[in-house]
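We count ligands from 1, going down the list as the structure has it; atoms in each ligand are counted the same way.
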Amino acid sequence: MTLSLHGLPVARGIAIGRAVLVVSSRLDVAHYFIQPWEVDAEIGRLRTARDAVSQELVRLQASVSQMTREETPHELAALLEVHQMLLQDEALTEGVKHWISERLYNAEWALTTQLEVVARQFDEMEDPYLRERKADLEQVVERLLRQMKGTAAVLAPTPPPRRARTEGDEDEGDGFDAPLVLVAHDLSPADMLQFKKSVFAGFVTDVGGKTSHTAIVARSMDIPAVVGARSASQLVRQDDWVIIDGEAGVVIVDPSPIILAEYGFKQRQGELERERLWRLRHKPAITLDGEPVELLANIEMPEDSEAAVKAGAVGVGLFRSEFLFMGREARSLTRLPDEEEQYAAYRRAVDGMRGMPVTIRTIDIGADKPLDGKGSKQEYLNPALGLRAIRWSLAEPAMFLVQLRAILRAAAHGPVQLLIPMLAHAREIRQTLALLEQARAELRGQGIPQGEVKLGAMIEIPAAALMLRVFLKHFDFLSIGTNDLIQYTLAIDRADEAVSHLYDPCHPAVLRLVADTIAECRRQGKGVSVCGEMAGDVQFTRLLLGLGLRSFSMHPSQILAVKQEVLRADSGKLAPWAQQVLDSDDPAELLGA
Ligand code: PEP
Ligand code: MG
């Protein structure tokens, strides 16, 4: 039966494919793809774990049989027998083997996927006794997972998520070759990074806001994505056909042939539009009245510089360095990258940009970007208002110095700008500058080459936007992080879909802070750019140009669409209109947003 679900559109385009469900449960397991030649070893890991659990159960049964009736209830022995039966059950073992060999899931992922399939069958049983066996099955799977812990292979860096077609495979119209779309309750930014190199054609998550970091990474992958689709992961089943309309924020499950044809048509239209935009990539971004506009890229990993150059970016306006630090435990790496590892990564980005400037933002960890890749909400009372970004760096000065040294060293190889996130206090500025000076002096003292860096601050907290005078005394340029500026101005958690309707980039207070920051920087002859999602949203290009902005930083995938707007704009004519928008009680109406 066709079902349509509504969420928040985060990355444009249409994806049509088979659902890959990443089960989010108390069974917190790694999800990654293995190589085709690792299938046997992965099934072997599972078999070893099953044998170990079986022996564990036999031992338990033996000790139970030696106890008196008073010591142990008769049900316990029966229960252990049920667990042994479930462990050997073909529905579980054959199913797990299927996910490993057909989809190249790692054993833990295959196990939790099959658990979900079988658990649904239990849910549908009429007999309450049998229905309750679901909990036993979960316990058995937990035992297996515990056994497998520590036996996982290191993550495959470039996972090929499709089984190679072998002789005798027929195209049975079963969607064997269909694209895959990922459906999950939630995905941490670290999970997303892990999936970044895979071939998923789209994403759907139950939770998340439009500018949550998970959404931002989805956008950087330039594939259709919908977040905040509430119960999508409950309603979509493994292997269901799914359409993701990333523009409308709609997910259609099990579509009829007519709907499929309609979306197939839309998908082709989108591809044609992209091809048309692609022709603009070498064209300089200059408005109709001759104003040059700098279009920069936001990147998460050094390798993203390739996409940035391809899309015609004239530099990197935001390298979110924290992605080098995230999800490392899942990849069996030490907790934090050392100076050499960081230096090598920053240098790769600098080299990749071939002489164009690279703006490296110091680590912005915390809130919805926890270091270990797991949700942080349960650990802190209010993570978005907690120890994140520069606050965390200043609380960990040894780590911060390592990062500053690595960035200064990379600056010896090309133009680098250093950007500090989430500053709000003059004291924090002073502490940051002192640590930067210390890093410089250390390198000088050790005779290690370093380069000059331009120093910038992000304007993300209203307090910062209201004390520009102090910021401009110390910094060469400012970069407006609208994602956080909106979150903190309107007191809306950007990752919470329950309040996403109140997350409003057009709010007059937000526009006022953005406008004043641009105007003050221009007045003082300092550089200013916007690197939040607003910069890549074509709805706001004309307004930002009208407010005097000449530097936009966004995901490479958004650059050409924004360039098209720039080429069509007359900045002189836009200026008075932008003032009208600023003065309006309802800017969204004037913007047509
Ligand atoms: C922002 O807040 O707008 C920004 C660019 O930083 P991040 O999205 O990484 O918090
Ligand atoms: Mg931010």
I'd like to know whether I429 forms a side chain to side chain contact (heavy atoms under 4.5 Å, CB included) with F471, so could you lay out the CA-CA distance, the side-chain angles of the two residues, the decisive distance to 0.1 Å, and finally the verdict.
CA-CA 8 Å; I429 298 176; F471 275 74; 4.1 Å; yes
Chi angles and distances behind the side chain to side chain donor-acceptor pair (under 3.5 Å) call for E533, T482:
CA-CA 7 Å; E533 296 300 296; T482 46; over 6 Å; no
Determine whether R348 and E303 satisfy the following criterion, salt bridge (charged side-chain N to carboxylate O under 4.0 Å, His left out), listing intermediate values before the conclusion.
CA-CA 7 Å; R348 279 205 304 284; E303 295 68 38; 3.0 Å; yes
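Residues Q403 and Y346 have side chains that bring a donor and an acceptor to within less than 3.5 angstrom of each other. In this model, a donor atom of one side chain and an acceptor atom of the other lie less than 3.5 Å apart for D206 and S233.
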Please list every donor-acceptor pair under 3.5 Å in which a side-chain atom of residues 504-513 meets a protein atom from a residue at least two apart or in another chain.
unit_1 : atom_1 : unit_2 : atom_2 : d
D504   : OD1    : C506   : N      : 2.8
H507   : ND1    : A509   : N      : 3.0
R512   : NH1    : D516   : OD1    : 3.4

Throw together a table of side-chain donor-acceptor distances under 3.5 angstrom for residues 578-593, partners on residues two or more places apart or in other chains.
unit_1 : atom_1 : unit_2 : atom_2 : d
S584   : OG     : D586   : N      : 2.8
S584   : OG     : D586   : O      : 3.4

Measure and list all N/O to N/O distances between ligand 1 and the protein that fall under 3.5 angstrom.
unit_1   : atom_1 : unit_2 : atom_2 : d
ligand 1 : 2 (O)  : E460   : OE1    : 2.9
ligand 1 : 2 (O)  : D484   : N      : 3.0
ligand 1 : 2 (O)  : D484   : OD2    : 3.0
ligand 1 : 3 (O)  : G481   : O      : 3.3
ligand 1 : 3 (O)  : T482   : N      : 3.1
ligand 1 : 3 (O)  : N483   : N      : 2.8
ligand 1 : 3 (O)  : N483   : ND2    : 3.2
ligand 1 : 6 (O)  : R361   : NH1    : 2.9
ligand 1 : 8 (O)  : H213   : NE2    : 3.4
ligand 1 : 8 (O)  : R320   : NH2    : 2.9
ligand 1 : 8 (O)  : N483   : ND2    : 2.9
ligand 1 : 8 (O)  : R494   : NH2    : 2.7
ligand 1 : 9 (O)  : H213   : NE2    : 3.0
ligand 1 : 9 (O)  : R320   : NE     : 2.7
ligand 1 : 9 (O)  : R320   : NH2    : 3.4
ligand 1 : 9 (O)  : R361   : NH1    : 3.2
ligand 1 : 9 (O)  : R361   : NH2    : 2.8
ligand 1 : 9 (O)  : K369   : NZ     : 3.4
ligand 1 : 10 (O) : H213   : NE2    : 3.2
ligand 1 : 10 (O) : D484   : OD2    : 2.9
ligand 1 : 10 (O) : R494   : NH1    : 2.9

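Aromatic rings from F540 and F552 are positioned such that their centres are separated by 6.0 Å or more.
A donor-acceptor pair is defined here as one N or O able to donate and one able to accept, closer than 3.5 Å; such a pair exists between the side chain of R281 and the backbone of W278.
Neighbours of the Mg ion (ligand 2) restricted to protein N, O or S atoms under 2.8 Å: the count is 2.
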